[in-house]
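To keep things clear, I will list the structure first and then write my remarks on it.
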Amino acid sequence: MTSLLQRYYNLVGGTKHEAENGAWIESFDPYRGSPWAEIPRCGPADVDKAVTAARKAFEGAAWRGLTASSRGKLLWRLADLIERDAEKLARLEVRDNGKLFAEMHGQLRYIPEWYRYFGGLADKVEGSVIPTDKADIFNYTLREPLGVVAAITPWNSPLLLLTWKLAPALAAGNTVVIKPSEHASVSTLAFVDLFEEAGFPPGVVNTITGFGRDVGDALVAHPLVAKVAFTGGDATGAAVAAKAGEGIKHVSLELGGKSANIVFEDAAIDDAVRGAIAGIFAASGQTCIAGSRLLVQRSIHDEFVAKLVDFARPAKLGDPMEPETNVGPVTTTQQLERVLRYIDIGRQEGAKCMLGGGRPKDGVLGQGWFVEPTIFTGVENEMRIAQEEIFGPVLSVIPFDDDEDAVRKANQVAYGLAAGLWTRSMPRAIRLAARLEAGTVWVNTYRAVSYTSPFGGYKRSGLGRESGKRAIEEYLQTKSVWISCAEGFSNPFVMR
Ligand code: NAD
């Protein structure tokens, strides 16, 4: 039966493919709570085709024979095309994951900078000449790509998080198979159309859509995949790393978080209120860096919470495409259930709900997958709502007494992705930034990222770094070449 929904196809070896078994997955519009598109539901046979195409492209002269400068120029051309299509791609993401157009369009306009930055870096990857202790040996290193990279992405910011992998992977000369989230694959499938237009050889970039258990597993296990670059939840990340370990593959993991946003009594209070809101209600709390634990110094706790609630209460829930909307829906029904479950847990644990605490029921908001911005006070650091990643608009406010107490509470969690500090004292900021177990620390700001600055997690939040010039190292390996300048060969029975 032909579907009335718009269908999007995978790109494999430069051509469009549906799944070999002809199955499809419906992609839902979270604002309307109804399906709007279909993506191929692939299986292991499709994975094999995509990886084989990527390996063929990796070995082929059309890609391998390019100079690093030429690879860089392809990435720049791609950046220009993304800029041209930014609005179209942002609209697809919003339809698929319900995040605000203002947020996704901002991301799409910024994404080209990653391709320009890593495109510029492509021909600055250098080996070295090593002064060995052997006078008659000339020894140098080559920095080489790994081969086929599997890039596995989540649904919350599909193209941004893909870009963090794709730009350095391609700059280094790898080829890629992308596995986007089954919940939000459409923008990725539309985006990869740009590669042919930019001039990339077929097979350098491929996609494979489907469920994690059907294709994710097969992709990670495929013997021709050399590296897995994964963004997603920590439980999935642990399974991916274990599977990749069986095949001795390179792995980088960008995982979840439970980040502390810490407000001291000497902070610029109105800025800190905005920073706390940005940390948890932007993107409906569906960001890995969500400042979902708000640590507030006890001396200003009540005043701060009152201001926070006053600021958050009028936030407008609504159509994510509309500029006046502040908070969109969460992306999936599973996520909706999960967030509501955690709100119940918070109540059962004895926390006090100061704002929100459920689904809005009126009109179109009742059909969409909305959760009210929710603020809990009276939260103890040991409670589940203070320790577990909710990935929704739910804030846990935890009081602290002094610097020591703030650091102890901030670090007493399994994750370590980010932290925020709000204080007018720079000596305190510098002292505490060094003691927080987090890959990113923001002082008097929140949710700032750049292509120039490394991003990644401590502890259960991940392995490896994305962005910044060292990120290209994650996609390279080193070869050491030894050339003898000696006349003849010395004793063959001993090591040289
Ligand atoms: P998820 O772990 O459920 O899925 C992520 C991806 O992994 C999806 O494409 C999924 O299909 C795939 N997958 C699932 N099982 C797999 C398997 N066995 N083998 C291989 N792939 C498999 O995560 P999600 O729900 O899509 O995203 C939300 C999570 O992502 C949150 O925990 C969030 O914190 C995290 N996240 C982290 C960052 C970061 O940069 N640190 C950024 C965004 C999101």
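Counting starts at 1 for both ligands and their atoms, in listed order. Just so it is clear, the model here is predicted, and its values are computed rather than measured.
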Query - Between Gln286 and Thr331: side-chain donor-acceptor atoms closer than 3.5 Å - result: yes
Query raised in the report: According to the interplanar angle, ranging from 0 to 90°, do the rings of Phe28 and Trp369 count as parallel (below 30°), tilted (30 to 60°) or perpendicular (above 60°)?
Result: tilted
Query raised in the report: atom 2 (O) of ligand 1: protein heavy atom closer than 4.0 Å?
Result: yes
Report task. Specify the protein heavy atom at minimum distance from atom 23 (O) of ligand 1: its residue, its atom name, and the distance to 0.1 Å. Result -> Gly233 N, 3.4 Å
Report task. Just jot down the ligand 1 atoms closer than 4.0 angstrom to any heavy atom of Val240, in number order. Result -> 19 (N), 20 (C)
Query raised in the report: Are any of the N/O atoms in Phe230 less than 3.5 Å from those in ligand 1?
Result: no
**Report entry** Enumerated ligand 1 atoms positioned under 4.0 Å from heavy atoms of Gly216
**Finding:** 19 (N), 20 (C), 21 (N)
Query raised in the report: Which is closest to atom 35 (C) of ligand 1 in terms of heavy atoms, Gly232, Pro154, Ala283?
Result: Gly232
Query raised in the report: Considering only heavy atoms, does Gln335 approach ligand 1 within less than 4.0 Å through its side chain, its backbone, both, or neither?
Result: neither
Report summary line: Applying salt bridge (charged side-chain N to carboxylate O under 4.0 Å, His left out) to Glu26 and not counting sequence neighbours gives none
Query raised in the report: So is Thr153 polar-close to ligand 1, meaning N/O to N/O under 3.5 Å?
Result: yes
Requested in this report: Could you tell me whether some N/O pair between Glu389 and ligand 1 is separated by less than 3.5 angstrom?
Outcome: yes
Report task. May I ask you to decide if the ring planes of Phe200 and Trp63 are parallel, tilted or perpendicular, using 30° and 60° as cut-offs? Result -> tilted
Query - Under-4.0 Å heavy-atom contact with ligand 1, by part of Asn156 that carries it - result: side chain
Query raised in the report: Quick one: nearest non-hydrogen protein atom to atom 40 (O) of ligand 1, plus distance?
Result: Glu254 CB, 3.3 Å
**Report entry** Side-chain H-bond candidate by donor/acceptor type, Asp96 with Trp36, under 3.5 Å
**Finding:** yes
Query raised in the report: Any donor-acceptor pair under 3.5 Å linking the side chain of Asn174 with the backbone of Leu146?
Result: yes
Report summary line: Closest to atom 28 (C) of ligand 1 among protein heavy atoms sits Phe391 CE2, 3.7 Å
Query - Any N or O of Ser461 closer than 3.5 Å to N or O of ligand 1 - result: no
Query raised in the report: Just checking, any donor-acceptor pair under 3.5 angstrom between side chains of Lys227 and Ser252?
Result: yes
Query raised in the report: Just which atoms of ligand 1 are under 4.0 Å from any heavy atom in Cys288?
Result: 34 (O), 36 (N), 37 (C), 38 (C), 39 (C), 40 (O), 41 (N), 42 (C), 43 (C), 44 (C)
Query raised in the report: How about Trp24 and Tyr8: are their ring centres within less than 6.0 Å of each other?
Result: no
Query raised in the report: Does ligand 1 have any atom that is closer than 4.0 Å to a heavy atom of Gly457?
Result: no
Requested in this report: Identify, by atom number and element, the atoms of ligand 1 in contact range of Leu161, meaning under 4.0 Å from any of its heavy atoms.
Outcome: 42 (C), 43 (C)
Query raised in the report: At a 4.0 Å threshold, what atoms of ligand 1 neighbour a non-hydrogen atom of Thr236?
Result: 1 (P), 2 (O), 3 (O), 13 (N), 14 (C), 15 (N), 16 (C), 22 (C)
Query raised in the report: Are Tyr115 and Ile82 close enough that some pair of their side-chain heavy atoms sits under 4.5 Å apart?
Result: yes
Report task. Could you tell me which atoms of ligand 1, counted from 1 in the order shown, lie closer than 4.0 angstrom to a heavy atom of Glu182? Result -> 10 (C), 11 (O)
Query raised in the report: Between the side chains of Glu389 and Ser292, does any donor sit under 3.5 Å from an acceptor?
Result: no
Query raised in the report: How about Thr209 and Asn10: does a side-chain donor come under 3.5 Å of a side-chain acceptor?
Result: yes
**Report entry** Enclosure of Arg470 CZ (heavy-atom neighbours >12, cutoff 6.0 Å)
**Finding:** no
Report summary line: Of all protein heavy atoms, the one nearest atom 24 (P) of ligand 1 is Trp155 NE1, 3.5 Å
Requested in this report: Tell me which one of Leu255, Val228, Leu219, Asn97 gets a heavy atom nearest to atom 41 (N) of ligand 1.
Outcome: Leu255
Report task. Give the residue, atom name and distance (to 0.1 Å) of the protein heavy atom nearest atom 18 (N) of ligand 1. Result -> Asp217 OD1, 3.4 Å
Query raised in the report: Under 3.5 Å, is there a donor-acceptor pair between the Asn261 and Trp422 side chains?
Result: yes
Query raised in the report: Thr175 and Lys56: side-chain donor and acceptor closer than 3.5 Å?
Result: no
Query raised in the report: For Thr231, is at least one N or O under 3.5 Å away from an N or O on ligand 1?
Result: no
Query raised in the report: With backbone taken as N, CA, C and O and side chain as the heavy atoms from C-beta onward, which portion of Leu417 lies under 4.0 Å from ligand 1: side chain, backbone, both, or neither?
Result: side chain
**Report entry** Contact partition for Ala235 relative to ligand 1, non-hydrogen atoms under 4.0 Å
**Finding:** neither
Query raised in the report: Any idea how Phe101 and His105 line up, ring-wise: parallel (<30°), tilted (30 to 60°), or perpendicular (>60°)?
Result: parallel
Report task. Tell me which protein heavy atom sits closest to atom 17 (C) of ligand 1, plus the residue, atom name and distance to 0.1 Å. Result -> Gly212 O, 3.9 Å
Report task. For Ile152, take its heavy atoms, then give the atoms of ligand 1 lying under 4.0 Å from any of them. Result -> 6 (C), 7 (O), 9 (O), 12 (C), 20 (C), 21 (N)
Requested in this report: Check ring pair (Phe, Tyr, Trp, His ring centres under 6.0 Å) between His17 and all other residues, then give those that pass, not counting sequence neighbours.
Outcome: none
**Report entry** For Gly256, the ligand 1 atoms whose distance to one of its heavy atoms is below 4.0 Å
**Finding:** 32 (O), 34 (O)
